[in-house]
Number of protein chains: 2
Amino acid sequence: MADSKQFQRIVNLSHVLQLLRINEGISRIEISRQLSLDRSTITNLVNPLLENSIVKVVSEGIAPAKGGRRPVLLGINENFGSILGIDLQISSYSAVLVNLNGSILQEWSGNLVYSGIVETIERLYESLKDEIDSFSVPIIGIGVGIPGIVDTEKGFILKATSFDCHNFNFEIAAEGLFSVPVLIDNDANCCAWGQLEKNKDKRLQDFLNIIWKLHRQEGESAPVEIEIGIGVVLKGEVYYGSGSAAGELPEDLLSREQGNIYIKTEDGWNIDPVALKVYLDSLFQYLKPIFSVFDPQEIIFGGQFTHCREAVEAILEECDFSISFPEVNNRDTAYGAASMFMEKLFQSPELQKDSDKKTLQWSDVLRRYND
Amino acid sequence: MADSKQFQRIVNLSHVLQLLRINEGISRIEISRQLSLDRSTITNLVNPLLENSIVKVVSEGIAPAKGGRRPVLLGINENFGSILGIDLQISSYSAVLVNLNGSILQEWSGNLVYSGIVETIERLYESLKDEIDSFSVPIIGIGVGIPGIVDTEKGFILKATSFDCHNFNFEIAAEGLFSVPVLIDNDANCCAWGQLEKNKDKRLQDFLNIIWKLHRQEGESAPVEIEIGIGVVLKGEVYYGSGSAAGELPEDLLSREQGNIYIKTEDGWNIDPVALKVYLDSLFQYLKPIFSVFDPQEIIFGGQFTHCREAVEAILEECDFSISFPEVNNRDTAYGAASMFMEKLFQSPELQKDSDKKTLQWSDVLRRYND
DNA sequence: CTTTGTTTGTTTATTAAATCAACAATGAAA
DNA sequence: TTTCATTGTTGATTTAATAAACAAACAAAG
């Protein structure tokens, strides 16, 4: 080890990248001002990034009011690489391919036959590989979201009941099987990473992202299994807790209160407003203290919550939490899984020094270029 | 600004100090190993600390098993300075003077007549000054804990109902009135800082510290006002939330469920076990989801909870949270206020770079020595 | 008792990286 | 056209970390 001489540079580099990421088009001087670093320092940090085409020149800025040289606006080269995000369920998946500014290049979804978590992901990746490679943007990583408790840092699946998977060392099992790094995380956490990515310019740092997921889709049988997942974001990072189980609600709380929210009508399964109100009243009785204790900047409601926005707003009316209901769709988890990979790539390595926390390194990604 | 050249050194210095603090007696080489820094780097960092007598030689260690020079064990010089911690209530206070290893040098408590927060603290400090100065250990700072919502970083009291104090800039009001820095924080958070200090060698990093406080002490009238305060500690630091209100419970939740827990018997006010069970059952119904969502390493119960340990244990039996009931006494908050000051002094300044978070600096403390 | 090997800790030289200062390029406004 | 402000680069300087060599201290083997 003991290469702490380069540590300061790496920290500054990641700060520079963070700024480039959240400001599409920022000059070197503006970066130096925001980071309180010397102009020449930024020049020295940015130029290698330009040479490696991780950063590109976006445009010439307008000249300052009082005159002077026009700034050269820089930004992340979104076509440096793409990330595959996968939302893996027991019998279905959805996947998205995003570039480095978070734009979706392609999306997929479908059913699958589960045959072990590593094998299933591998098969899925193989089936998509040709299409992925047809883009001019080379893939640099894969993020996977699964329902279950996952230690993302260690690449360890602690509990994934629906996959019948317990205490499984995914990282070791996947070793060498993929040409790019693969990170795995809980699905609710992935959604939270996705929101962090979407709100990166708003500097939303502390929030709760609550999703209401149906485990059985509307079909012949009623969608009985309701899952409430909370993604906890503190100081701009998803918080995992001491046992990677942060955001989990007690099982008895979830199961006992669901009632028969869904009723069958001519046009399929619909929400019964009366049962819904009973359920939500009961649920938020428990959620409100959580909101208070976390004191979040914002509470984001996703998944099925968008279908009962008014009811939620009514319940939280007297509380003065800032709440929002973003547009949702069924690739949110997959998008979030890709965002998770990206956030970890751009994450500043400040704290990883003495802890055993292992962050993704650009060197892992650049290795491909050096071959 | 722009003295980021020294930043690395400051970070390393604070890491060294942290290690010295949690290991009473550690050699330079061991520090270098734990921080993955070169041996000579530690020598260069430690020697100025020794010269300033912030660090002292504790003892000669035993020689290594395979032979070799005996290590020189170093530790924080606990007599470098003392910190006054104050638990301020509307009509009473308690205070402790602690040295830098957290030992209590002196303690006080009594009633007081409130006359504005700054003035009250100032009067209290003046009345204790002679006794404080009688110790050979010079005072280097004051920490104050109050019931209310406080932005400690900014030194701003957002809401302290019992003091009738709202949106009050304590830092500016106290400017120049004290010979040492004064930091102010919420009382429940202070208790959490105190637990962090007490458990520093166990490396307890993520926990909830829940205290049950009585606002009116047992006396003529029943102690009706029960206050539950939660201190949230994440990654070795008290978490304040987006509005400094983290750890607060909704007011309606607290007030509606108290019942008549205290009943009058011949020997004063006592707890009614039946009413207690009803109250605790109701309370923990709301706390359990909070515990789940935080996924803490440990949950510490303080204050009046020690009087109903069995009841709490029974309620949490089926959950597998690690819980503990440390010895409590009525100077815990004052001790915690002092710990808060100390933790902030030793806190590693890693994150304070680009944020507006202002950490206490050793230079603030050393200023006294330079005069 | 001497030798050998190990470990702590310091000293000196080297190296990485940030700052500082000087300067070129550019453009607004007088 | 001149002046001044601003961006960005280049080269000298400074800070602080590492590397390497060495001194001191000590256990264990011969």
Side-chain angles (χ1 to χ4, degrees), chain A residues 1-16 19-20 23 25-51 55-75 349 353-354, chain B residues 1-16 19-20 23 25-51 55-75 349 353-354:
Chain A
M1 304 273 147
D3 47 358
S4 139
K5 212 189 301 190
Q6 297 177 12
F7 187 66
Q8 179 72 63
R9 186 179 168 87
I10 293 170
V11 169
N12 287 339
L13 247 180
S14 76
H15 281 146
V16 168
L19 277 181
L20 285 164
N23 305 284
I26 184 171
S27 72
R28 295 164 231 244
I29 304 304
E30 182 55 29
I31 294 173
S32 82
R33 271 196 286 259
Q34 292 201 28
L35 298 180
S36 326
L37 293 172
D38 195 82
R39 299 180 299 207
S40 56
T41 307
I42 305 302
T43 296
N44 289 328
L45 289 172
V46 155
N47 284 349
L49 293 173
L50 278 166
E51 283 160 26
V55 168
K56 67 172 185 182
V57 173
V58 173
S59 63
E60 287 250 300
I62 56 165
K66 296 186 225 165
R69 179 170 165 181
R70 288 162 69 184
V72 177
L73 302 184
L74 305 171
K353 184 76 184 303
D354 40 5
Chain B
M1 304 272 149
D3 48 359
S4 141
K5 213 190 297 190
Q6 297 178 13
F7 187 66
Q8 178 73 61
R9 185 176 169 88
I10 294 170
V11 169
N12 287 338
L13 247 180
S14 75
H15 281 146
V16 168
L19 277 181
L20 286 164
N23 306 283
I26 184 172
S27 72
R28 295 164 230 244
I29 305 303
E30 182 55 29
I31 294 173
S32 82
R33 272 196 286 258
Q34 292 201 28
L35 298 181
S36 331
L37 293 172
D38 195 82
R39 298 180 300 205
S40 56
T41 306
I42 305 302
T43 296
N44 289 328
L45 290 172
V46 155
N47 285 349
L49 293 174
L50 278 165
E51 283 160 29
V55 167
K56 67 172 186 183
V57 173
V58 172
S59 64
E60 286 251 299
I62 55 165
K66 294 187 225 167
R69 179 171 169 180
R70 289 163 67 187
V72 177
L73 301 185
L74 305 171
K353 184 76 183 305
D354 40 3

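Given the structure is predicted, the values throughout are model-derived calculations rather than measurements. Sequence lines set the chain letters: A, B, ... in the order given, protein chains first and strands last, and positions in each chain run from 1.
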Rounded to whole angstrom units, what separation is found between the [atom1] atom of [X] and the [atom2] atom of [N]?
X: A/I10; N: C/dA16; atom1: CD1; atom2: P; answer: 14 Å
X: B/L37; N: D/dA19; atom1: CG; atom2: C1'; answer: 14 Å
X: B/H15; N: D/dA17; atom1: NE2; atom2: P; answer: 13 Å
X: A/N12; N: C/dA16; atom1: CG; atom2: C1'; answer: 13 Å

* Any B/K66 side-chain nitrogen or oxygen under 4.0 Å from OP1 or OP2 of D/dA27 -> no
Close N/O contacts between protein and nucleotides 9-13 of chain C (under 3.5 Å):
from, atom 1, to, atom 2, distance (Å)
C/dG9, OP1, B/V72, N, 2.2
C/dG9, OP1, B/V72, O, 3.4
C/dG9, OP2, B/R28, N, 3.3
C/dG9, OP2, B/I29, N, 3.3
C/dG9, O6, B/R39, NH2, 3.3
C/dT10, OP1, B/R28, NH1, 3.4
C/dT10, OP2, B/T43, OG1, 2.5

* To do: Rounded to the nearest 0.5 Å, what's the gap from OG1 on B/T41 to CD on B/Q8? Could you check?
  => 10.0 Å
* **Partners passing salt bridge (charged side-chain N to carboxylate O under 4.0 Å, His left out) against B/K66 (at least two apart in sequence or in another chain)** =>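 By the salt bridge (charged side-chain N to carboxylate O under 4.0 Å, His left out) rule, B/K66 matches no residue at all.
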* Validation row: B/H15, B/L45 side chains within 4.5 angstrom (heavy atoms) -> no
* Any side-chain heavy atom of B/L35 sitting closer than 4.5 Å to one from B/N12? -> no
* Heavy-atom closest contact (A/N23 atom, A/I26 atom, distance) ->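 A/N23 and A/I26 have their closest heavy atoms at ND2-CD1, 3.7 Å.
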* Structure fact -> Residue set satisfying side chain to side chain donor-acceptor pair (under 3.5 Å) with B/N44, at least two apart, ordered chain then number -> none
* **Along DNA chain C (nearest heavy atom to each residue), the more 5'-positioned of B/R33 and A/L45** =>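 So the residue in question is B/R33.
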